[in-house]
Student: 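Attaching a single structure in structure tokens format; questions to follow.
Chain identifiers are assigned alphabetically (A, B, ...) following the order of the sequence lines, protein sequences preceding nucleic acid strands; residue numbering begins at 1 within each chain.
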Amino acid sequence: DTAVSQTPKYLVTQMGNDKSIKCEQNLGHDTMYWYKQDSKKFLKIMFSYNNKELIINETVPNRFSPKSPDKAHLNLHINSLELGDSAVYFCASSPPQGPRFNEQFFGPGTRLTVL
Amino acid sequence: GNSVTQMEGPVTLSEEAFLTINCTYTATGYPSLFWYVQYPGEGLQLLLKATKADDKGSNKGFEATYRKETTSFHLEKGSVQVSDSAVYFCALGRNSGGSNYKLTFGKGTLLTVNP
């Protein structure tokens with residue numbers, strides 16, 4: 001019973017294509033996040049959603065568009081892929097109020113390679 | 001702004017050696033502090049956390065103490081095992097109001113433990 005799942009695990013595509021990465025959590029959390037991890041392992045937040053509402057948008061190019069159809073899902077769509085988009089993308093979620101509200105639970109990551 | 005600085009890796013140790021990974025932070029107010037661990041090919045997992053000054057977080061033999069006077073949260077373990085080989089991330093968390101809770105990560109430290 002996976003807590004935070006992402007699909008696909010690997011994604012190889014050509015420059016200029018459009019692709020999507022899906023994320024689902026079955027933890028009952030109401031806040032979800034997307035992070036980008038570069039080749040040097042540096043991890044940076046891209047977006048966060050709370051109850052389907054955008055909360056954090058960290059100056060990410062507008063080619064990246066998150067979509068949250070419901071509290072359990074946060075998908076990431078990327079238009080016109082560029083070489084520099086190659087990275088591992090992690091989805092995460094965190095619970096609402098309570099002692100663990102500031103803890104984030106990460107998915108296994110999606111390795112995107114743009115050729 | 002908020003930032004986290006952790007010691008550059010990689011760190012290579014023999015089994016049963018003592019581990020210290022240094023982490024210092026810059027933040028306004030009173031952040032919470034975290035150590036996350038990323039095993040090869042996986043997403044990040046919370047290792048331990050501390051939410052106020054002088055708190056000690058501990059888990060799986062790892063410890064870190066929130067030192068406000070030195071703005072530090074160094075990770076220690078008395079006797080490392082091969083299975084501890086991973087990338088370790090120090091992070092600080094701040095609530096900017098409402099559900100806007102943001103983690104800022106350090107650059108990660110790769111630990112390799114040899115038998």
Student: Would you say A:Val4 and A:Leu76 are hydrophobically clustered, going by side-chain heavy atoms of ILVMFWY under 4.5 Å?
Tutor: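 In one cluster: no.
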Student: For chain A, which residues of residues 45-66 of chain B have at least one non-hydrogen atom nearer than 4.5 Å to it?
Tutor: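 Under the 4.5 Å heavy-atom cut-off, B:Leu46, B:Lys49, B:Thr51 qualify.
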Student: Is the number of heavy atoms from other residues, nucleotides or ligands within 6.0 Å of CD (A:Glu53) greater than 12?
Tutor: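 No, the 6.0 Å shell around CD holds no more than 12 heavy atoms from other groups.
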Student: Taking a hydrophobic cluster as the set of Ile, Leu, Val, Met, Phe, Trp and Tyr residues connected by side-chain heavy atoms closer than 4.5 Å, whether directly or through intermediates, do B:Tyr36 and B:Leu111 fall within one such cluster?
Tutor: no
Student: Which atoms of A:Lys40 come close to chain B, meaning under 4.5 Å heavy atom to heavy atom: side chain ones, backbone ones, both, or neither?
Tutor: backbone
Student: Rounded to the nearest 0.5 Å, what's the gap from NZ on A:Lys41 to CG on B:Leu110? Could you check?
Tutor: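 Reported value, rounded in 0.5 Å steps: 8.0 Å.
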Student: If you compare all heavy atoms of A:Gln37 against all heavy atoms of B:Phe89, which two are closest, and at what distance to 0.1 Å?
Tutor: NE2-CZ, 3.4 Å
Student: Under a 4.5 Å heavy-atom cut-off, does chain B meet the side chain of A:Phe105, its backbone, both or neither?
Tutor: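 Neither the backbone nor the side chain of A:Phe105 comes within 4.5 Å of chain B.
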Student: Spell out, yes or no, whether A:Ile55 and A:Phe101 are grouped together once hydrophobic residues are joined by side-chain heavy atoms under 4.5 Å, including indirect joins.
Tutor: yes
Student: Is chain B contacted by the side chain of A:Glu58, its backbone, both, or neither, given a heavy-atom distance below 4.5 Å?
Tutor: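 Just its side chain gets close to chain B.
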Student: About how many Å separate CG of B:Leu92 and CG of A:Asn102, when rounded to the nearest 0.5 Å?
Tutor: 11.5 Å
Student: Chain B contacts: which residues in residues 81-90 of chain A have a non-hydrogen atom closer than 4.5 Å to it?
Tutor: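 Residues A:Phe90 are the ones that qualify, each having a heavy atom under 4.5 Å from chain B.
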Student: Would you say B:Tyr39 has more than 12 foreign heavy atoms packed within less than 6.0 Å of its OH?
Tutor: yes
Student: Can you run down the ring-ring contact (aromatic ring centres under 6.0 Å, His included) pairs that involve residues 35-84 of chain A, sequence neighbours left out, and say none if there aren't any?
Tutor: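 Every ring-ring contact (aromatic ring centres under 6.0 Å, His included) pair that includes a residue of residues 35-84 of chain A, provided the two are not neighbours, is A:Tyr35-A:Phe106, A:Tyr35-B:Phe105.
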Student: Mind checking whether A:Met46 and A:Leu11 sit in one hydrophobic cluster, side chains of I, L, V, M, F, W, Y counted as touching below 4.5 Å?
Tutor: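 Cluster IDs for A:Met46 and A:Leu11 match.
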Student: In terms of hydrophobic clusters joined by side-chain contacts under 4.5 Å, are B:Val37 and A:Tyr33 together?
Tutor: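 No, no single cluster joins them.
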Student: Is B:Lys102 close to A:Ile56 at the side-chain level, that is, under 4.5 Å between some pair of heavy atoms?
Tutor: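 Yes, side chains in contact.
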Student: Contact part of A:Leu43 toward chain B, heavy-atom cut-off under 4.5 Å: side chain, backbone, both or neither?
Tutor: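 Both backbone and side chain.
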Student: If you check every heavy atom in residues 3-27 of chain B against those of chain A, which residues fall under 4.5 Å?
Tutor: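 Listed by number: none.
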